[in-house]
Amino acid sequence: MAGSANMTISTVLIGLVVAMATTFVPQAEARAFFVFGDSLVDNGNNNYLVTSARADSPPYGIDYPTRRPTGRFSNGLNIPDFISQQLGSEPTLPYLSPQLTGQRLLVGANFASAGIGILNDTGIQFLNIIRMYRQLDYFEQYQRRVAALLGAQQTQQLVNGALSLITVGGNDFVNNYYLVPFSARSRQFRLPDYVRYLISEYRKILMRLYDLGVRRVLVTGTGPMGCVPAELAQRSTNGQCAVELQRAASLYNPQLTQMLGQLNNQYGADIFIAANTGQMTANFVDNPQAYGFVTSKIACCGQGPYNGLGLCTLASNLCPNRDLYAFWDPFHPTERANSIIAQQILTGDATYMHPMNLSTILALDSRT
């Protein structure tokens, strides 16, 4: 009886594996994966820092495989986790994790830190966070550590052949320009001039990444910043998205895509891939029911109007079914919303991915 039960379980497992395999695009040989940016892609670096920008307490991680908080600003997986799955790799570890040693270094690393922006003065209220220039310094340090294992030539091949993801920019609006009325940056710049300034500073960051050896970089835009529960709670009287933040996103995202195209022309290759995460997110913000959500206005975890005030803690309201909510906390998508965005990055058409989607990248790079 035990033997036949085991055979039945094995058959079911094989069936599941086959079913899962048919739903995924054929994978390229596993390659290193590097992640840079803010809380949308941080997977635990801030756990190791004295900062208020942390996600290391329940109910964060309630739907993660371990059912415990990991430092991801999610109920479960975030976008880099889904991309790692497509690469056939385990999730990258936070760069500050003491477990990131030996062979694990060859999987890649996540350098992202919640609260940071393109500008160094973004997120100063969070105190000790890994600003963009420091993330790039750590990436240099990472390469020296790998070179000690593999030698300089193989390290360069690993970095050149890797996939990278960078998600930064939203905090430069939410936690800088619009953080308080008459902020220092809003007194210094009109919004269109601020956007141009951000783009010019971001260009320098991306050029430094290129100089450090990356040759495929997914670059996400900002989401519909005025529509997140935190901004609805603070700025909306009737549930409509905050107009000024929406205007900021509408100015920023097209200029970002344009700048990426200019860089690709400069380098003579499709190094930087624009991911229109603003439109991907707007789809389910505008029509949540079409994506199986009951709401895109109310966060699953929080308090106050739209559950949009304060942090997500054990004292917060908590929805019983996270899959029905587009937003997990006042600022961040649920695991299920992240999976929808990641699927668009993988297979989305030119509306979402320019000049190509991730499945095309994987197919192209597997032949070279």
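All figures in this text were calculated on a predicted structure; none of them were measured in a lab.
Cluster note: Leu179 groups with Val180 through ILVMFWY side-chain heavy atoms spaced under 4.5 Å, whether in direct contact or through intervening members.
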side-chain hydrogen bond (donor to acceptor under 3.5 Å, both in side chains) between Asp42 and Asn110, intermediate numbers included: CA-CA 7 Å; Asp42 182 357; Asn110 186 313; 5.9 Å; no
Evaluate side-chain contact (heavy atoms from CB on, under 4.5 Å) for Ile116 paired with Val168, printing each intermediate quantity in order. CA-CA 8 Å; Ile116 66 101; Val168 68; 3.7 Å; yes
Decide yes or no on side-chain contact (heavy atoms from CB on, under 4.5 Å) for Leu198 and Glu201, but give the supporting numbers first. CA-CA 5 Å; Leu198 286 180; Glu201 292 300 301; 5.9 Å; no
For the pair Val217 and Ile273, evaluate side-chain contact (heavy atoms from CB on, under 4.5 Å) and give the outcome as yes or no after the intermediate values. CA-CA 6 Å; Val217 190; Ile273 312 299; over 6 Å; no
Walk me through it: do Phe293 and Ile340 pass the test side-chain contact (heavy atoms from CB on, under 4.5 Å)? CA-CA 12 Å; Phe293 297 119; Ile340 293 169; 3.8 Å; yes
Could you please spell out the steps behind the salt bridge (charged side-chain N to carboxylate O under 4.0 Å, His left out) verdict for Arg185 and Asp172? CA-CA 10 Å; Arg185 288 297 190 184; Asp172 293 286; over 6 Å; no
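For Arg247, the salt bridge (charged side-chain N to carboxylate O under 4.0 Å, His left out) partners are Glu244, not counting sequence neighbours. Residues meeting the side-chain hydrogen bond (donor to acceptor under 3.5 Å, both in side chains) test with Glu231, sequence neighbours left out: Arg235. Residues meeting the salt bridge (charged side-chain N to carboxylate O under 4.0 Å, His left out) test with Arg145, sequence neighbours left out: none. Under the salt bridge (charged side-chain N to carboxylate O under 4.0 Å, His left out) criterion, Glu140 pairs with Arg208, sequence neighbours left out. In this structure, Arg144 has no salt bridge (charged side-chain N to carboxylate O under 4.0 Å, His left out) partners at least two apart in sequence or on a different chain.
Side chain of Asn264 to backbone of Ile271: a donor-acceptor contact under 3.5 angstrom is found. A donor-acceptor contact shorter than 3.5 Å is absent between the side chain of Asn128 and the backbone of Thr51. Here the side chain of Asn357 pairs no donor or acceptor atom with the backbone of Asp349 at under 3.5 angstrom. Side chain of Arg131 to main chain of Ile129: no donor-acceptor pair is present (N/O by atom type, distance under 3.5 Å, no hydrogens or angles). Thr167 places no side-chain N or O within 3.5 Å of a backbone atom of Gly37 that could act as its donor or acceptor partner. Side-chain N or O atoms of Gln344 include none that pairs as donor or acceptor with a backbone N or O of Met280 at under 3.5 Å. Between the side chain of Thr334 and the backbone N or O of Tyr325 there is at least one donor-acceptor pair closer than 3.5 Å. Between the side chain of Arg54 and the main chain of Leu49, a donor-acceptor pair closer than 3.5 Å is present. Put simply, the side chain of Asn45 gets close to the backbone of Ala112: a donor and an acceptor are under 3.5 Å apart. Looking at Asn47, its side chain does come within 3.5 Å of a backbone N or O of Thr70 through a donor-acceptor pair.
Side chains of Tyr60 and Asp329: a donor-acceptor N/O pair is present below 3.5 angstrom, by distance only. Looking at Asn46 and Ser113, their side chains do bring a donor and an acceptor atom within 3.5 Å of each other. Residues His332 and Ser39 have side chains that bring a donor and an acceptor to within less than 3.5 angstrom of each other. If you check the side chains of Ser89 and Ser84, you find no donor sitting under 3.5 Å from an acceptor.
Salt bridge absent: Arg216 and Asp270 never bring a charged side-chain N and a carboxylate O closer than 4.0 Å. Using a cutoff of 4.0 Å between basic side-chain nitrogens and carboxylate oxygens, Arg336 and Asp323 are not scored as salt-bridged.
Within 6.0 Å of the CZ atom in Arg67, the count of heavy atoms belonging to other residues, nucleotides or ligands exceeds 12. Atom CG of Leu106 is surrounded by more than 12 heavy atoms from other residues, nucleotides or ligands within 6.0 Å.
The stretch residues 233-275 participates, sequence neighbours left out, in these ring pair (Phe, Tyr, Trp, His ring centres under 6.0 Å) pairs: Phe173-Tyr252, Tyr210-Tyr267. Residue pairs meeting the ring pair (Phe, Tyr, Trp, His ring centres under 6.0 Å) criterion with at least one partner in residues 79-99, sequence neighbours excluded, are Tyr95-Phe111, Tyr95-Tyr138. Note on residues 290-307: pairs passing side-chain hydrogen bond (donor to acceptor under 3.5 Å, both in side chains), not counting sequence neighbours, are Gln303-Ser316, Asn307-Asn317. Within the structure, disulfide bond (SG atoms under 2.5 Å apart) contacts touching residues 108-164 (residues at least two apart or in different chains) do not occur. Pairs passing the disulfide bond (SG atoms under 2.5 Å apart) check and including a residue from residues 220-276, sequence neighbours excluded, read Cys227-Cys241.
What you find for Gln289 and Val294 is that their closest heavy atoms are NE2-O, 3.3 Å. Across all non-hydrogen atoms, the minimal contact from Leu100 to Ala109 is CD2-CB, 3.8 Å. When all heavy atoms are compared, the tightest approach of Gln246 to Met225 is OE1-N, 3.3 Å. Of all non-hydrogen atoms in Pro254 and Ala249, the two that sit nearest each other are CD-O, 4.1 Å. Taking each heavy atom of Pro224 and Gly278 in turn, the nearest pair found is CD-O, 3.8 Å. The minimum heavy-atom distance linking Asn78 with Asn43 is given by the pair ND2-CB, 4.2 Å.
Between Arg72 and the choices Asp81, Asn338, Asp56, the side chain to side chain donor-acceptor pair (under 3.5 Å) rule is met once, by Asp81.
Ring centers of Phe73 and Phe331: at least 6.0 Å apart, outside the cut-off. You'll find the ring centres of Tyr177 and Phe189 outside the 6.0 Å limit.
Separating the CG atom in Leu209 from the CZ atom in Arg215 is a distance of 10.5 Å, to the nearest 0.5 Å. In this structure, Gln86 CD and Ile361 CD1 are separated by 12.5 Å, a value rounded to the nearest 0.5 Å. Atoms CD1 and CG, from Ile83 and Leu218 in turn, are 5.5 Å apart once rounded to the nearest 0.5 Å. A distance of 8.5 Å separates SG of Cys300 from CG of Asn321, quoted to the nearest 0.5 Å.
Aromatic ring pairs are classed by plane angle as parallel below 30°, tilted from 30° to 60° and perpendicular above 60°; the pair Phe36 and Phe34 is tilted.
Of the two cysteines examined, Cys301 and Cys319, the SG atoms fail the criterion of being under 2.5 Å apart.
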Contacts under 3.5 angstrom, residues 146-165 side chains, donor-acceptor by atom type, not counting sequence neighbours:
{"residue": "Thr155", "atom": "OG1", "partner": "Ala147", "partner atom": "N", "Å": "3.2"}
{"residue": "Thr155", "atom": "OG1", "partner": "Gly151", "partner atom": "O", "Å": "2.8"}
{"residue": "Asn160", "atom": "ND2", "partner": "Gly213", "partner atom": "O", "Å": "2.7"}

